[in-house]
Amino acid sequence: MNGGQDLGGQMGFGPVMPEPNEPVFHGGWESRMLALNVAAGAMGHWTIDEIRHARESIPPADYLSFSYYEIWYEGLRAVLQRHGFATPAEMDSGASAGSGMTPKRVLKGADVPAVLRRGFPYEREASAPARFAVGDAVRTIVMHPAGHTRLPRYARGKLGRIEAIRGNHVFPDTGAHGAPEAAQWLYTVVFSGPELWGRDADPTSSVSVEAWESYLEPA
Amino acid sequence: MSGHDHQHHHDHDNHFTPIEARVKALETLLVAKGYVDPAALDAIVETYETKVGPRNGALVVAKAWTDPAFAERLRQDGTAAVAELGYGGRGGEHIVAVFNTPDEHNLIVCTLCSCYPWPVLGLPPVWYKSPPYRSRAVIDPRGVLADFGVTLPADQRIRVWDSTAETRFLVIPQRPAGTEGWDEERLAGIVTRDSMIGVGLPEVGAAT
């Protein structure tokens with residue numbers, strides 16, 4: 001969706017302001033928010049793409065003014081409610097109003113190191129060969145889906161070149177909306193700066209995106 | 001100033017900021033419902049506060065600088081190569097190392113969210129997740145580098161990697177002159193987090 005999250009090429013946000021000696025967390029709530037997000041996600045009821053879509057569905061004015069962990073808070077609330085784990089009233093008060101959904105699994109403290117180390121690989125066995133080869137010229141499709149996509153606006157309808165084939169990866173655009181898991185070939189597609197930004201480009205720059213096969217057409 | 005002081009003494013009373021109170025309520029609820037184990041929350045926080053951070057990535061870079069065979073494996077399969085050093089997993093299931101050269105400098109961004117190679121760099125800094133960086137890195141990379149005090153040679157191309165999938169990128173900076181004969185440990189000491197994102201360069205003067 002063309003939400004507040006799709007920031008590439010927007011202007012007016014001012015300079016990047018690195019914080020000297022930035023701590024890993026700014027206050028305890030950030031660390032708890034990170035941990036809640038990881039632990040609740042480990043129940044196994046939503047995909048990373050579904051919660052990303054929940055975050056990017058925050059109204060743009062809020063999205064742009066929230067800190068990143070506030071964005072995570074709102075995203076987690078949305079999926080907990082959608083999947084029947086908690087009501088807004090419960091999440092506001094912190095008091096349980098009765099039983100909710102039974103989770104598929106609960107991440108135990110002792111299992112955290114192994115679960116984090118294993119991660120959640122996204123590559124799947126392919127049932128068909130890749131459509132494109134390294135070096136192929138491709139054009140990204142033009143689309144403006146109301147739902148989730150990982151093709152940013154600035155890279156739609158652009159002429160690029162396949163630089164690498166990354167494998168057959170879980171497809172976010174459908175997986176974010178509860179469809180059974182599907183996978184597509186994933187490519188690194190590189191564009192020249194002028195292809196993306198025209199006469200305002202740095203001519204020495206190029207930009208790549210990671211693009212699933214259905215984002216691409218032969219050029 | 002009293003308002004400022006108030007903000008920073010919330011641990012001693014119930015005067016949480018709104019977001020602190022909301023996160024605390026959510027944790028209380030999820031623990032009460034049995035959805036999250038408090039010990040798991042503590043273990044997750046401890047992992048990213050004390051165990052997984054840019055020191056991991058610095059050791060990968062230092063090894064790549066000193067061991068050409070490792071550098072080649074890193075180039076071919078970043079995930080497998082960093083696993084040799086014991087790193088991998090959550091937030092970095094598919095790692096790709098991109099090597100700076102005199103002809104081309106690499107810069108990593110996630111314009112759509114905050115994708116970042118957790119196993120080798122830890123959690124991303126606030127600026128990496130914020131609109132100024134995410135908006136401008138793809139259209140004005142040299143301007144972004146200037147915000148970090150970095151100026152590249154005019155004839156060095158710049159390549160921006162937008163992390164739009166689960167692929168996670170790690171920049172392998174060029175080894176600076178003046179580090180001949182250094183061991184991996186000493187080399188790792190000059191590899192900053194920013195140099196592995198592409199917004200900084202290793203500096204021999206930074207060694208302590």
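The basis for the numbers below is simple: all heavy atoms, side chains too, and nothing from hydrogens, waters or symmetry mates.
- By the 4.0 Å N-to-carboxylate-O rule, B/E166 lies too far from A/R150 to be salt-bridged with it.
- For the options B/V96, B/L112, B/I19, B/V199, heavy-atom pairs under 4.5 Å to chain A are most numerous at B/L112.
- Between the SG atom in B/C113 and the CD1 atom in A/I51 there is a gap of 11.5 Å [rounded to 0.5 Å].
- Within the 4.5 angstrom heavy-atom criterion, only backbone atoms of B/Y87 (N, CA, C, O) approach chain A.
- Side-chain contact check for B/L26 versus A/L80: some heavy-atom pair is nearer than 4.5 Å.
- Although no hydrogens or angles enter the test, the distance criterion places no donor-acceptor pair under 3.5 Å between the side chain of A/D202 and the main chain of B/D140.
- Counting heavy atoms of neighbouring residues, nucleotides and ligands inside a 6.0 Å radius, atom CD of A/E19 exceeds 12 of them.
- Scanning both residues, B/A25 and A/D92, for their nearest heavy atoms gives CB-O, 3.9 Å.
- Proximity to chain B (any heavy atom under 4.5 Å) is shown, for A/L116, by both the backbone and the side chain.
- The shortest side-chain heavy-atom distance between A/L7 and B/V138 does not fall under the 4.5 Å cut-off.
- Taking B/K51, B/E49, B/Q156, B/E46 one by one and counting their heavy-atom pairs under 4.5 Å with chain A, the maximum is reached by B/E49.
- Only the side chain of A/T188 comes within less than 4.5 Å of a heavy atom of chain B; its backbone N, CA, C and O stay farther away.
- Proximity to chain B (any heavy atom under 4.5 Å) is restricted, for A/Y73, to the side chain, taken from C-beta onward.
- Here B/K129 does not pair with A/E70 in a salt bridge; the nearest charged N to carboxylate O distance is not below 4.0 Å.
- The two residues A/V106 and B/D37 make their nearest non-hydrogen contact at CG1-N, 4.3 Å.
- Of the possible polar contacts, none joining the B/K33 side chain to the A/M101 backbone as a donor-acceptor pair under 3.5 Å is found.
- Ranked by heavy-atom pairs under 4.5 Å with chain B, the list A/M17, A/E30, A/R32, A/E90 is led by A/R32.
- For A/M33, the parts lying under 4.5 angstrom from a heavy atom of chain B are both the backbone and the side chain.
- Only the side chain of A/E22 comes within contact range of chain B, judged by heavy atoms closer than 4.5 Å.
- For chain B, the nearby part of A/Y69 is the side chain; its heavy atoms alone come within less than 4.5 Å.
- The candidate with the highest count of non-hydrogen atom pairs below 4.5 Å against chain A, out of B/G88, B/A32, B/A43, is B/G88.
- With a threshold of 4.5 angstrom between heavy atoms, B/L123 approaches chain A through side-chain atoms but not through N, CA, C or O.
- The two atoms that bring A/A86 and B/L29 nearest to each other are CB-CD2, 3.7 Å, heavy atoms only.
- The two residues A/P18 and B/W127 have their closest heavy-atom pair at CA-CD1, 3.6 Å.
- A/P113 is not listed as a side-chain neighbour of B/T47, based on a closest heavy-atom distance of 4.5 Å or more.
- In this model, no donor atom of one side chain and acceptor atom of the other lie less than 3.5 Å apart for A/E210 and B/T164.
- When A/S31, A/P103, A/P15 are compared by the number of non-hydrogen pairs under 4.5 Å with chain B, A/P15 comes out ahead.
- Contact record, B/R134 with A/Q5: NH2-O, 3.0 Å, taken as the closest heavy-atom pair.
- Proximity to chain B (any heavy atom under 4.5 Å) is shown, for A/E123, by both the backbone and the side chain.
- Top candidate by heavy-atom pairs under 4.5 Å with chain B, chosen from A/A95, A/A110, A/G9, is A/G9.
- In terms of modelled atom types and a separation under 3.5 Å, the side chain of B/H94 and the main chain of A/Y122 share a donor-acceptor contact.
- Results of the side chain to side chain contact (heavy atoms under 4.5 Å, CB included) test with A/V38 over B/V45, B/L41, B/I44 single out B/I44 as the only residue that passes.
- Within the 4.5 angstrom heavy-atom criterion, only side-chain atoms of B/P141, from C-beta onward, approach chain A.
- In this structure, chain B has no heavy atom under 4.5 Å from any part of A/R55.
- When heavy atoms are compared at a cutoff of 4.5 Å, A/I71 does not approach chain B at all.
- Per-residue heavy-atom pair counts under 4.5 Å with chain B were compared for A/G94, A/G3, A/G193, A/A40, and the maximum is reached by A/G94.
- Checking B/I158, B/I139, B/V160 one by one against A/S205, the side chain to side chain contact (heavy atoms under 4.5 Å, CB included) holds for a single residue, B/I158.
- Between the side chain of B/E93 and the main chain of A/F120, a donor-acceptor pair closer than 3.5 Å is present.
- Proximity to chain A involves both the backbone and the side chain of B/D42, based on heavy atoms less than 4.5 angstrom apart.
- Between A/Y68 and B/V126, the closest side-chain pair of non-hydrogen atoms is not below 4.5 Å.
- In this structure, no portion of A/A201 lies under 4.5 Å from any heavy atom of chain B.
- Looking at A/R118, the atoms closer than 4.5 Å to chain B (heavy atoms on both sides) all sit in the backbone: N, CA, C or O.
- Using a 4.5 Å cut-off between heavy atoms, A/V112 touches chain B through its side chain atoms alone.
- In this structure, chain A has a heavy atom under 4.5 Å from the backbone of B/S163, while its side chain stays farther away.
- Taking chain A as the reference chain and counting heavy-atom pairs below 4.5 Å, the highest number among B/D155, B/V36, B/V52 is found for B/V36.
- Contacts of A/P172 with chain B are absent, with no heavy-atom separation under 4.5 Å from either backbone or side chain.
- B/R136 places no side-chain N or O within donor-acceptor distance of the main-chain N or O of A/G8, the cut-off being under 3.5 Å.
- Among B/A40, B/A39, B/P38, the residue making the largest number of heavy-atom pairs under 4.5 Å with chain A is B/A40.
- Remark: the B/R159 side chain and the A/S208 side chain contain an N/O donor-acceptor pair separated by less than 3.5 Å.
- A perpendicular orientation is assigned to the rings of A/F85 and B/Y35, their planes being inclined by more than 60° (bins at 30° and 60°).
- To the nearest 0.5 Å, the span separating OG1 on B/T167 from NE2 on A/H169 amounts to 5.5 Å.
- Considering CZ of A/F25 and OH of B/Y48, their distance stands at 9.0 Å, rounded to 0.5 Å.
- If you measure heavy-atom distances from A/S206 to chain B, the contacts under 4.5 Å come from both the backbone and the side chain.
- The candidate from A/V115, A/V209, A/L36 with the greatest count of non-hydrogen atom pairs under 4.5 Å with chain B is A/L36.
- Per-residue heavy-atom pair counts under 4.5 Å with chain A were compared for B/G86, B/S130, B/A21, and the maximum is reached by B/G86.
- Heavy atoms closer than 4.5 Å to chain A are found in both the backbone and the side chain of B/S114.
- In this structure, chain A has no heavy atom under 4.5 Å from any part of B/V31.
- Checked by atom type and distance alone, the side chain of A/W212 never pairs as donor or acceptor with a backbone atom of B/A165 at under 3.5 Å.
- If you run side chain to side chain donor-acceptor pair (under 3.5 Å) between A/T204 and each of B/R157, B/H105, B/R142, B/E104, only B/R142 comes through.
- The shortest non-hydrogen separation linking B/A83 to A/R117 is CB-NH2, 3.9 Å.
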